[in-house]
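This report refers to the structure that appears directly beneath it.
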2 protein chains.
Amino acid sequence: MAITVTLCTETNSRGVCAVEPVNLDTFKVNLGRQIRRLRKESGMSQEALADHCGVFRTYLSRIERGSANPSISIIALLALALGVDVIELFRSDA
Amino acid sequence: MAITVTLCTETNSRGVCAVEPVNLDTFKVNLGRQIRRLRKESGMSQEALADHCGVFRTYLSRIERGSANPSISIIALLALALGVDVIELFRSDA
DNA sequence: ATGTGACTATTAGTCCGTT
DNA sequence: TAACGGACTAATAGTCACA
């Protein structure tokens with residue numbers, strides 16, 4: 001993945017400064033990109049894949065565009081439906 | 001990861017039979033195990049790592065034992081704090 | 001130094017549309 | 001076929017006291 005790291009300037013409710021990726025969005029966008037690529041490779045529509053996973057088409061749409069923050073169980077379901085290892089979804093195409 | 005796959009027998013709210021890992025729990029337990037291993041390798045306590053990530057110690061405790069289902073943003077934060085690639089967290093130790 | 005239950009706030013995830 | 005929105009419900013994120 002090679003996520004670029006910066007120490008954030010914001011503190012949480014406990015006054016603790018958390019390590020935070022500047023590009024968490026990039027991270028999510030990349031994840032979505034991988035999912036979309038694998039889906040297309042297997043010739044499925046969003047609806048077909050969504051049905052296979054038991055998630056909603058509209059939600060899958062958001063995941064693929066990186067505008068959702070899915071839990072790991074959803075990620076596991078997607079990997080299963082795509083027939084790939086979870087790790088594949090987190091690879092960067094760079 | 002090599003998750004064992006079975007087609008589930010349960011249907012979701014739409015009456016669609018979703019592909020589901022029987023051992024989603026195993027998946028989560030393994031993830032937690034990796035996190036714990038990497039944390040110990042870097043000599044941090046749960047509290048230290050939790051503070052680094054900006055999450056709660058009690059929540060990290062649950063993640064490490066596989067009794068939480070964290071979102072990918074939490075996973076990204078943990079990987080960053082541990083100084084490893086996200087992919088490392090999803091490796092199986094088998 | 002960690003596990004656990006209980007609890008609230010916030011977000012994930014569903015479901016209906018329209019473009 | 002997919003993006004996008006609004007409104008809703010289920011689940012997770014996050015807090016705390018105590019073992």
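Order of the sequence lines sets the chain letters (A, B, ...), proteins ahead of strands, with each chain counted from 1.
Rounding to whole angstrom units, CG of residue A:Leu77 and P of C:dA12 are separated by 17 Å. One can place CG of A:Asp51 at 14 Å from C1' of D:dT1, the figure rounded to the nearest angstrom. Straight-line distance from the CD1 atom of A:Ile74 to the P atom of D:dA10: 15 Å, rounded to whole Å. For the pair A:Phe56 CZ and D:dA7 C1', the interatomic distance rounds to 14 Å; values are reported in whole Å. At whole-Å resolution of the value, CG in A:Leu60 and P in C:dC15 are 15 Å apart. Here D:dG14 presents its P atom at 11 Å from CG of B:Leu78, a figure rounded to the nearest Å. If you measure from atom CG of B:Leu24 to atom P of D:dA11, you get 13 Å, rounded to the nearest angstrom. Between B:Leu49 atom CG and C:dA1 atom P there is a gap of 13 Å when expressed in whole angstrom units.
Two residues, B:Thr58 and B:Ile63, neighbour DNA chain D, and the one matched to the more 5' nucleotide by heavy-atom proximity is B:Ile63. Between B:Gln46 and A:Lys28, the one whose closest nucleotide on DNA chain C sits nearer the 5' end is B:Gln46.
Backbone-only contact: B:Ser71 has heavy atoms under 4.0 Å from sugar-phosphate atoms and none from a base.
Considering only residues two or more places apart in sequence or on other chains, A:Glu64 meets the side-chain contact (heavy atoms from CB on, under 4.5 Å) condition with A:Ile35, A:Arg36, A:Arg39, A:Gln46, A:Leu60.
A sub-4.0 Å separation between OP1 or OP2 of D:dA2 and a side-chain N or O of A:Arg39 is present. OP1 and OP2 of D:dC4 both lie 4.0 Å or more from every side-chain N or O belonging to A:Arg57.
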Chi angles and distances behind the side chain to side chain donor-acceptor pair (under 3.5 Å) call for A:Ser61, A:Arg57: CA-CA 6 Å; A:Ser61 170; A:Arg57 179 181 54 80; over 6 Å; no
Verdict with supporting geometry, B:Leu78 and B:Leu49, side chain to side chain contact (heavy atoms under 4.5 Å, CB included): CA-CA 8 Å; B:Leu78 283 168; B:Leu49 176 57; 4.2 Å; yes
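The CD1 atom of B:Ile75 sits 5.0 Å away from atom CZ of B:Phe90, with the distance rounded to the nearest 0.5 Å. Summarising the geometry, atom CG belonging to A:Asn69 is positioned 9.0 Å from atom CZ belonging to A:Phe27; distances are rounded to the nearest 0.5 Å.
Comparing atom distances between the A:Arg65 side chain and each of C:dT2, D:dC4, C:dG3 picks out D:dC4 as nearest. Closest approach to the A:Ser45 side chain among D:dT1, C:dT4, D:dG14 is made by D:dT1 (side chain taken as heavy atoms from C-beta onward).
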Atom pairs, N/O to N/O, protein against nucleotides 6-11 of chain C, distance under 3.5 Å?
residue : atom : partner : partner atom : Å
C:dA6   : N6   : B:Arg62 : NH2          : 3.0

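Identified under the salt bridge (charged side-chain N to carboxylate O under 4.0 Å, His left out) test for residues 67-79 of chain A, with sequence neighbours left out: none.
A:Val29 and B:Ile74 fall into different hydrophobic clusters, where Ile, Leu, Val, Met, Phe, Trp and Tyr residues are linked whenever their side-chain heavy atoms come under 4.5 Å apart, directly or through other members.
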